[in-house]
2 protein chains.
Amino acid sequence: MRSDPRDEELAKLTRALGHPARVAILRYLTQQKTPCCGDVTTCIDLAQSTVSQHLKVLLEAGLIERKGQGTKNCYSICVEPFEQLKAGIDQILSDHRTATQKQKASTPS
Amino acid sequence: MRSDPRDEELAKLTRALGHPARVAILRYLTQQKTPCCGDVTTCIDLAQSTVSQHLKVLLEAGLIERKGQGTKNCYSICVEPFEQLKAGIDQILSDHRTATQKQKASTPS
DNA sequence: ACCCTTTATCGTAAAAATACGATAAAGGGT
DNA sequence: ACCCTTTATCGTATTTTTACGATAAAGGGT
């Protein structure tokens with residue numbers, strides 16, 4: 001099996017989500033009415049440079065976007081990749097379900 | 001912010017999914033009518049011990065389960081954590097949507 | 001009882017992720 | 001023009017992940 005690009009894509013997204021600090025950051029970004037700013041740092045008990053690094057990971061995975069606004073940078077969530085992620089998981093689930101179905105059909109109790 | 005257990009949980013699941021080989025393994029498990037066996041190895045171009053290790057990661061995250069069947073071990077997908085994962089992502093999405101809504105309401109163009 | 005297959009685990013090396021402080025670049029305010 | 005705030009990036013140490021071969025344990029077949 002030569003790694004499916006879909007697998008790479010799904011892995012890229014999940015890997016980016018695969019750290020509690022990054023999940024917390026995302027949750028924080030949603031909960032702010034003003035979906036912005038690097039004062040994320042003030043609420044997450046990590047050094048500023050570390051937070052910046054986590055933001056970069058999320059950014060490179062496409063899960064968030066940056067809008068430079070003067071000396072401050074505002075981050076906001078990108079909906080699309082989340083939908084894509086859900087779709088990827090759904091596909092695994094539905095594949096599983098149809099396979100299970102088939103199996104039951106061919107092996108009636 | 002003291003790491004929310006929900007964040008830990010979501011991170012645990014996504015981290016387990018966060019490797020192309022593991023996504024491929026999961027996909028393989030779904031596509032097998034007989035959702036079983038460690039002949040996963042034969043189709044994934046990784047050493048047997050490496051595959052076993054990846055299976056262990058998936059196992060420990062609860063994404064799959066093992067059924068010992070004689071000398072062979074059969075693995076199958078657990079639906080529940082996938083649903084949980086989807087729910088976690090959905091929550092982030094819906095939080096984001098409601099926040100965006102609120103913002104629009106208070107700042108009419 | 002013997003061997004052979006299957007597969008988890010151990011030991012280990014190499015690569016990647018994580019965290020930090022320090023520094024630099026970029027803008028705002030006065 | 002100056003300084004001060006904000007924040008990305010650099011350098012680096014530590015930990016974790018990833019991959020492999022070798023070994024061991026467990027069962028099936030004859």
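In what follows, chains are A, B, ... by sequence order, proteins preceding strands, each numbered from 1.
Not one side-chain nitrogen or oxygen of A:N73 sits closer than 4.0 Å to the OP1 or OP2 atom of D:dT6. Contact check, B:H19 against C:dA16: no side-chain N or O comes under 4.0 Å of OP1 or OP2. For C:dT7, neither phosphate oxygen OP1 nor OP2 lies less than 4.0 angstrom from any side-chain nitrogen or oxygen of B:R66. In this model, the phosphate group of C:dT18 is approached by a side-chain N or O of B:R15 to a distance below 4.0 Å at OP1 or OP2. OP1 and OP2 of D:dT6 both lie 4.0 Å or more from every side-chain N or O belonging to A:Y75. For the pair A:T50 and C:dC20, the criterion of a side-chain N or O lying under 4.0 Å from OP1 or OP2 is met.
Each of D:dA8, D:dG21, D:dT18 was ranked by its minimum atom distance to the side chain of B:A47; first place goes to D:dG21. For A:S52, taking side-chain heavy atoms from C-beta onward, the closest of the listed nucleotides D:dG27, C:dT7, D:dA8 is D:dA8. Side-chain proximity of A:L46 to the nucleotides C:dT7, C:dT9, C:dC20 is greatest for C:dC20. When distances run from any side-chain atom of B:H54 to the nucleotides D:dA19, D:dA8, C:dT18, the shortest one goes to D:dA19.
Residue A:D45 contributes atom CG, which lies 17 Å from atom P of C:dT18 at whole-angstrom precision. B:I25 places its CD1 atom 14 Å from the C1' atom of C:dT7, with the value rounded to the nearest Å. Taking atom NZ of B:K67 as the reference point, atom P of D:dA26 lies 22 Å away to the nearest angstrom. What separates CD of A:Q48 from P of D:dT9 is a distance of 11 Å, to the nearest Å. Here D:dT17 presents its C1' atom at 14 Å from CG of B:L58, a figure rounded to the nearest Å. Atom P of nucleotide D:dA19 and atom CD1 of B:I44 are separated by 9 Å, given to the nearest angstrom. The distance between atom CD of B:Q53 and atom C1' of C:dG11, rounded to the nearest whole Å, is 11 Å. Rounded to a whole Å, the NZ atom of B:K72 is 10 Å from the P atom of D:dG29.
Under a hydrophobic clustering in which Ile, Leu, Val, Met, Phe, Trp and Tyr are joined whenever their side-chain heavy atoms come within less than 4.5 Å, directly or via other members, B:Y28 and B:I44 fall into the same cluster.
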(request) Tell me, with the steps shown, if B:R66 and B:C74 meet side-chain contact (heavy atoms from CB on, under 4.5 Å). (result) CA-CA 6 Å; B:R66 172 159 61 197; B:C74 292; over 6 Å; no

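When the options A:L29, A:V57, A:I25 are evaluated for a side chain to side chain contact (heavy atoms under 4.5 Å, CB included) with A:I64, the one that passes is A:L29.
Pair assignment for C:dC10 gives D:dG21, based on Watson-Crick or G-U wobble hydrogen-bonding distances that are each under 3.5 Å. Judged by Watson-Crick or G-U wobble contacts below 3.5 Å, the nucleotide C:dT30 has D:dA1 as its partner.
Minimum interatomic distance between B:T41 and B:Q48 (heavy atoms only, all atoms of both residues): CG2-CA, 3.7 Å.
Applying the salt bridge (charged side-chain N to carboxylate O under 4.0 Å, His left out) definition to pairs two or more places apart or across chains, those involving residues 71-92 of chain B are A:K86-B:D90, A:D90-B:K86, A:R97-B:E83, B:E83-B:K86.
Nucleotides of DNA chain C nearest to A:S49 and A:G18 differ in position, and the one nearer the 5' end is that of A:G18. Toward the 5' end of DNA chain C, the nearer of the two residues A:R22 and B:D39, judged by each one's closest nucleotide, is B:D39.
Residue contacts for B:L55: at a heavy-atom cut-off of 4.0 Å it reaches no nucleic acid atom on any strand shown.
Note on A:K12 versus A:E9: salt bridge recorded, some NZ/NE/NH1/NH2 to OD/OE distance being below 4.0 Å.
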